[in-house]
Amino acid sequence: MNTSTGPRELLRDPPPLPRGRRTVAAAAALLLGATGISASVAATEVVQRNPGGLTTVGPVNTEHGFPAWYEDSNKVRTELCLEADNPLCAFPPGDVPDPLRPISFPDNFPGEAFYMLAGSDVAVPGGGDAVLTLALEAAFANENPIPGDQVVFARQRIDVDDAAPNSTLTFTHPYGTVTVDTDERGRGRLVEDVSPAVGNFQTPLKGDVGPFLQWDGGAPEGYLGNPDEPHTVTGSPLGTNFFEVTTADGATARNDQFSVMGKLATNTGVQADRAVAAGGHLDVFATSRGDQLEVVGQDGVFSTTPMEKDDGDSERAYARIEYTGAAPTSVTVRNLGDKPVSSAEVAVTDVSVATAATYDGIVLTVEATSSSGTAPEVAGFGTLEATGTANVFTGSFPTVAPPVEVTVSTSGTSRTTVPVLVTGGEASPAGEAPVDPAPDPGPVTDGTTPDNPDVEQPAATAAIAALPGSVARGMATQLDGSGSTNAASYEWSQLSGPAVTFSDRTVAEPKVVVPAFTTVADTAPAAPDEDPVLQLVVTNAAGARSEPATITLKSDDVVTVAAASRHRVGKELRLTGTALVPGAPSLLNPASSVNIYGTVAGATVKIGSAPVDSLGNWEYRAKPGPRDRVTDVLVQSTRGGEARGVVGTR
């Protein structure tokens, strides 16, 4: 094979494979998107890892909230390719709201962008094909460009279609080895993302993607390659600059042509670390590899001022600036050497510690200055008092366990943290030596001492905190009986419904698991069941039991069958819908599945099963499908819900 899947196809799943709406959350864990997954699915896994390919992440670019660049172990740095009209960039179709205007955050910004996107495909011996996607991707936790939702993750994905059914395929690609099991229709998938965490841009460095793949010669200047021209590549730390498949019987096929997209970084970025106002001066601290840094002036307050750096490889930058009038609330640092110019903003604090916080063994003493004259607050201790010297405050706080450091602030953004210096105090007394136990004297009875009079104990009351939404069957749910009063012991039990499993029936906050409603192995619809009803009784110190408190675990998800479901006899059966657990996390482990039963020629038969993605979408396709017309379906979820729907013919 001498062609490779292009990046614009890589941004979509191959058409035969079912998929829900595009989102980061849908691939935030290892997903197997094929229907009818068999017991052999355990073989779908990453066999050979490749950590350390990415080494460094740059400062956050405040224009869009993503890192200015990532650097790999070969010292290659890439930035986001954010030019809608540039053919060397790639975006999902329709992802840029107005491709005729420049990209800007957040109004005209794509839901996905890439530091690198590479892919290839290979024909599987014996039939079928596989598509490989490798990416360092910037996206949003809730799909749409929303400030504060920025995530970056390293992705490897392999999609298999129309291969030998119920078999294991072994894939070798530039960053490692993966095995994928196929289902009864010859489909299989592995998706691994490391790791979509909002604002934590270090996590992708732990992934297997890296160093960046690039053409082994002739790439367009400033880019890793041209995404529309398949090409041989370099960059694999394992020497495997190809995509290869090996079948269960040992047959192999290989493709060394890759589609590659990525823009080499033209910037170093800048990170504004801190700005302190004190004594009519602003002390501004920043971090950058660039050498042309400046603090942007503000009319009537201070002038634009270059920042200074030490010679050599130091990334520290500093400027001390005189200002007029009230101190500004924030300052902007700019890196003029970047193309385009990058900038970062930081809030100005008016608190600076004049002397280190000290502890003499009895009292914690803190001294601080506040240029605004506002009395600073020491977190966890109290407010400092004026000393009589302008803008200088101090405070003494008795304590036997001083903190490692104290935080002093005059507002939510104006704060500083300093270590505590211990200046004195007596040594803590040594513990008592252990006492050798005396021999056990056995039981002793003394009938001459009268019983103590009974001490009346307050009555105990059982209480169970309400649960939000529904319980996800098959997953542990935390119960909370800690609101019970005068409780010396706890006793949980079940009154009705499917039998649940308690982690411990004698604690205030046990975990409980509600069993699955049905499994993909079932061949007939499950009978409806009731929501489990649990009971808590607590006992006071005198052994008196409380009145019971009960809680009903809403344990069914909400299932729908889309009106667009259709059956074209002899062509295709396509059924879609949703299965959502209200109040549950988007990623369920194990994932939900649905069983689909239909009326065919007057009889109820099982049509098949389908997985539910993390957005709650499910889809079932069969070509050509049953020979007899499917008129309606009953869909039952493994997590308890069910729905009926009419199947159209359009």
Side-chain angles (χ1 to χ4, degrees), residues 57 59-60 197-203 270-288 295 307-310 314-321 323 326-331 333 344-433:
V57 56
V60 172
V198 173
N200 186 345
F201 301 128
Q202 294 284 337
T203 54
V270 62
Q271 178 172 302
D273 299 315
R274 191 164 179 245
V276 179
H281 289 84
L282 287 173
D283 293 296
V284 184
F285 304 82
T287 302
S288 176
V295 182
M307 303 191 76
E308 299 178 275
K309 297 183 69 177
D310 291 326
S314 174
E315 297 182 12
R316 300 188 309 272
Y318 171 75
R320 185 169 175 82
I321 307 169
Y323 68 89
T329 58
S330 64
V331 297
V333 178
E345 184 177 357
V346 65
V348 174
T349 175
D350 65 357
V351 178
S352 61
V353 174
T355 59
T358 59
Y359 179 66
D360 62 5
I362 300 175
V363 173
L364 171 68
T365 301
V366 181
E367 183 175 300
T369 61
S370 168
S371 62
S372 66
T374 302
E377 181 85 12
V378 181
F381 289 93
T383 303
L384 300 182
E385 297 180 354
T387 62
T389 301
N391 297 332
V392 178
F393 298 81
T394 188
S396 297
F397 309 98
T399 180
V400 296
V404 174
E405 58 187 17
V406 293
T407 298
V408 185
S409 63
T410 57
S411 68
T413 58
S414 183
R415 62 178 59 219
T416 188
T417 300
V418 292
V420 173
L421 175 66
V422 178
T423 60
E426 298 181 357
S428 300
E432 296 291 334

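- Residues Ser370 and Val408 fail the side-chain proximity criterion, which asks for heavy atoms closer than 4.5 Å.
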Original post:
Checking side chain to side chain contact (heavy atoms under 4.5 Å, CB included) for the pair Leu282/Val348: CA distance, chi angles, key distance, verdict?
Top reply: CA-CA 8 Å; Leu282 287 173; Val348 174; 3.9 Å; yes
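- Note: Ile321 CD1 to Met307 CE = 7.0 Å, rounded to the nearest 0.5 Å.
- The neighbour count for Glu308 CD, taken as heavy atoms of other residues, nucleotides or ligands under 6.0 Å away, does not exceed 12.
- A donor-acceptor contact shorter than 3.5 Å is absent between the side chain of Tyr359 and the backbone of Gly425.
- The side-chain heavy atoms of Leu384 and Phe397, taken from C-beta on, include a pair separated by under 4.5 Å.
- Atoms OG1 and CZ, on Thr387 and Phe393 in that order, are 7.5 Å from each other to the nearest 0.5 Å.
- Other residues, nucleotides and ligands contribute only 12 or fewer heavy atoms inside 6.0 Å of the CD atom of Glu385.
- Distance check: Asn391 CG to Thr374 OG1 gives 9.0 Å after rounding to the nearest 0.5 Å.
- In this structure, Pro59 and Gln271 approach most closely via the heavy-atom pair CB-CB, 3.6 Å.
- Nearest heavy atom pair, residue Thr383 against residue Ala375, reads CG2-CB, 3.8 Å.
- The only option from Asp310, Thr287, Asp273 that meets the side-chain contact (heavy atoms from CB on, under 4.5 Å) definition with Arg316 turns out to be Asp310.
- Taking CZ of Arg274 as the start and OH of Tyr318 as the end, the distance is 11.0 Å to the nearest 0.5 Å.
- A heavy-atom distance below 4.5 Å is found between the side chains of Phe381 and Thr399.
- Val420 and Thr358 make their closest contact through CG1-C, 4.4 Å (heavy atoms, listed as atom of the first residue, atom of the second, distance).
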Original post:
Given the rule in the side-chain hydrogen bond (donor to acceptor under 3.5 Å, both in side chains) test, do Glu345 and Ser330 qualify, once you have shown the distances and angles that lead to the verdict?
Top reply: CA-CA 7 Å; Glu345 184 177 357; Ser330 64; 2.8 Å; yes
